[in-house]
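Both counts, for ligands and for their atoms, begin at 1 and track the order of listing. Keep in mind the model is a prediction, meaning the values are calculated, not measured.
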Amino acid sequence: MAVKNIVVLISGNGSNLQALIDAQNTPALPNTKIVLVVSNRVSAFGLTRATQAGIPTFSMSLKAHKDAGKTRSEYDVDLATAILARFQEIVGGPAATAAAAVPDLVVLAGFMHIVSPEFLMRFPPGGLVNLHPALPGEFDGAHAIDRAFAAFGEGKIKRTGVMVHRVIAEVDRGEVLLTEEIPILPTDTLSSLEDRIHAIEHGIIVRGVKLALGV
Ligand SMILES: Nc1nc2c(c(=O)[nH]1)N[C@@H](CN(C=O)c1ccc(C(=O)N[C@@H](CCC(=O)O)C(=O)O)cc1)CN2
Ligand SMILES: NCC(=O)N[C@@H]1O[C@H](COP(=O)([O-])[O-])[C@@H](O)[C@H]1O
């Protein structure tokens, strides 16, 4: 069976990317290869992780696009175009087949940019998944862990969680592939909760990608 080619989008530390790097082409994530890592922040340490693993990378900054007088929509088109062009260079093969090549899956692993329909329409439907540190329908968007901890402090919740979901235009509302509840303990600080969530994320992202690829 042909190897499943994965592109990972990041914005920061890349600990979830590292979990995928470590799992690729192992029984946890069989017959897979991360072929490209892309960041919207040039300073993302995840780019270093990818380079250390021998994985090609590039970054594209929204700020640089805006400084050049380009719109957010133009950034999204340019980003998708660059991802596909670089992917086709890497995947190779005869020009005709290379041009048709698209990633088997694009994984948003801490990618802190809301992608527009102009971006999504350039990839196969269902071809992107996202890891989000909250339960379905709760704390959509950025800073989900902080918001969950604040809600716990107000007595509104006693647990939070993480999920892997398909990416659609509506943020964090795509089909849920995997979810896991995480209790919030009375002794928790924001930091201890973050640590427990991150540890669970590193497992669920691998299982979620495995599920999404059907490997
Ligand atoms: N169209 C979609 N785009 C993205 C999704 C999605 O489900 N649909 N998931 C997010 C990941 N994410 C939560 O899981 C998320 C990331 C970032 C933001 C956000 O508010 N970003 C701001 C910039 C914030 C910053 O730069 O620190 C923005 O894009 O203006 C919300 C949710 C990935 N994209
Ligand atoms: N809304 C998306 C979001 O908040 N994603 C979160 O960013 C972190 C990235 O960590 P990493 O760079 O170490 O993988 C992870 O906690 C992930 O759930």
Closer than 4.0 Å to some heavy atom of [X] - which atoms of ligand 1 meet that?
{"X": "H132", "value": "13 (C), 14 (O)"}
{"X": "F111", "value": "11 (C), 16 (C), 33 (C)"}
{"X": "H113", "value": "4 (C), 17 (C), 29 (O), 33 (C), 34 (N)"}
{"X": "H165", "value": "7 (O)"}
{"X": "L108", "value": "33 (C), 34 (N)"}
{"X": "V167", "value": "2 (C), 6 (C), 8 (N)"}
{"X": "V171", "value": "6 (C), 7 (O), 8 (N), 32 (C)"}

What I want to check is whether the side chains of H202 and S15 have a donor and an acceptor closer together than 3.5 Å.
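Distance-only check passes for H202 and S15.
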Calculate, to the nearest 0.5 Å, the distance between atoms NE2 and CD belonging to H132 and E201 respectively.
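Rounded to the nearest 0.5 Å, the NE2-CD separation comes to 10.0 Å.
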I need the L193 CG to F152 CZ distance, nearest 0.5 Å.
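That separation rounds to 9.0 Å.
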Sub-3.5 Å donor-acceptor pair from the side chain of T32 to the main-chain atoms of N25, do we have one?
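Yes, T32 side chain to N25 backbone: donor-acceptor pair under 3.5 Å.
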Considering only NZ, NE, NH1 and NH2 on the basic side and carboxylate oxygens on the acidic side, decide whether K156 and E138 come within less than 4.0 Å.
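Judged by the 4.0 Å cut-off on N to carboxylate O distance, K156 and E138 do not form a salt bridge.
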If the threshold is 4.0 Å, N to carboxylate O, is there a salt bridge linking R72 and D76?
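No.
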What is the minimum heavy-atom distance between A23 and L29, and which atoms define it?
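Closest approach of A23 to L29: O-CB, 3.4 Å.
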Return the minimal non-hydrogen interatomic distance between E180 and L135, and the atom names on each side.
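Looking at all heavy atoms of both residues, the shortest contact is O-CD2, 3.8 Å.
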Under 3.5 Å: N/O of [X] near N/O of ligand 1:
{"X": "I168", "result": "yes"}
{"X": "V115", "result": "yes"}
{"X": "I114", "result": "yes"}

Out of M163, R72, R166, R41, who gets a non-hydrogen atom closest to atom 28 (C) of ligand 1?
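Closest candidate by heavy-atom distance is R72.
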Below 4.0 Å, non-hydrogen atoms only: which portion of A144 touches ligand 1? Side chain, backbone, both or neither.
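For A144, there is no contact with ligand 1 at all, from either part.
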Do the side chains of [Y] and [X] get nearer than 4.5 Å, heavy atoms only?
{"X": "R173", "Y": "D140", "value": "yes"}
{"X": "E194", "Y": "L190", "value": "yes"}
{"X": "N13", "Y": "R49", "value": "yes"}
{"X": "E89", "Y": "R86", "value": "yes"}
{"X": "P56", "Y": "L36", "value": "yes"}

Tell me: protein heavy atom nearest atom 23 (C) of ligand 1, and distance?
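Going by distance alone, atom 23 (C) of ligand 1 is nearest to M112 O, 3.6 Å.
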Identity and distance of the protein heavy atom lying nearest atom 12 (N) of ligand 1
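Protein heavy atom with the smallest distance to atom 12 (N) of ligand 1: D172 OD1, 4.0 Å.
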Residues in contact with ligand 2, criterion: heavy atom under 4.0 Å:
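For ligand 2, the contacting residues are G12, N13, G14, S15, N16, G110, M112, L131, H132, P133, G141, H198, E201.
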Residue-ligand contact G141/ligand 1, heavy atom below 4.0 Å:
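Per 4.0 Å heavy-atom rule, G141 contacts ligand 1.
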